[in-house]
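The structure appears below as structure tokens.
Worth saying up front: this structure is predicted, and the values here are computed from it rather than measured. One is the number of the first residue; the rest follow in order along the sequence.
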Amino acid sequence: MSQEKTSNPLVPIAAVVSIPVIVCLVLMLTDEGIERSLLWAAIKTGIILIVIGGALSFGVSRLAERNTQR
């Protein structure tokens, strides 16, 4: 008897998105022609966008949950 484990559907999506991002960051860190301030600005902007996207996603899921309970 096998018990099926339900996996989080965001794991494969996160892997597909994170691999190119990590490769780009490594290339930006190792290339001497790229200004470090641009790299840190890109990282800060990415973090801000991820936080905003997460907050929007959380808010929309709460609104959807509230509408389905009625």
Query - Residue that, paired with Ile48, satisfies side-chain contact (heavy atoms from CB on, under 4.5 Å) out of Ile52, Thr45, Val51 - result: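 For Ile48, the side-chain contact (heavy atoms from CB on, under 4.5 Å) test succeeds with only one of Ile52, Thr45, Val51, which is Ile52.
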Query raised in the report: Testing Leu25, Asp31, Leu29, Val23 for side-chain contact (heavy atoms from CB on, under 4.5 Å) with Leu27, which one passes?
Result: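 Answer after filtering Leu25, Asp31, Leu29, Val23: Val23.
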Query raised in the report: What distance separates Leu56 CG from Ser61 OG, expressed to the nearest 0.5 Å?
Result: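 Going from the CG atom of Leu56 to the OG atom of Ser61 covers 11.0 Å.
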Hydrophobic clusters here meaning ILVMFWY residues chained together by side-chain heavy-atom distances under 4.5 Å, can you tell me if [X] and [Y] are in one?
X	Y	value
Ile13	Leu49	no
Val21	Ile34	yes
Leu39	Ile47	yes

Query raised in the report: Minimum heavy-atom separation for Met28 to Arg36, with atom names?
Result: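 Residues Met28 and Arg36, closest heavy atoms: O-NH1, 3.3 Å.
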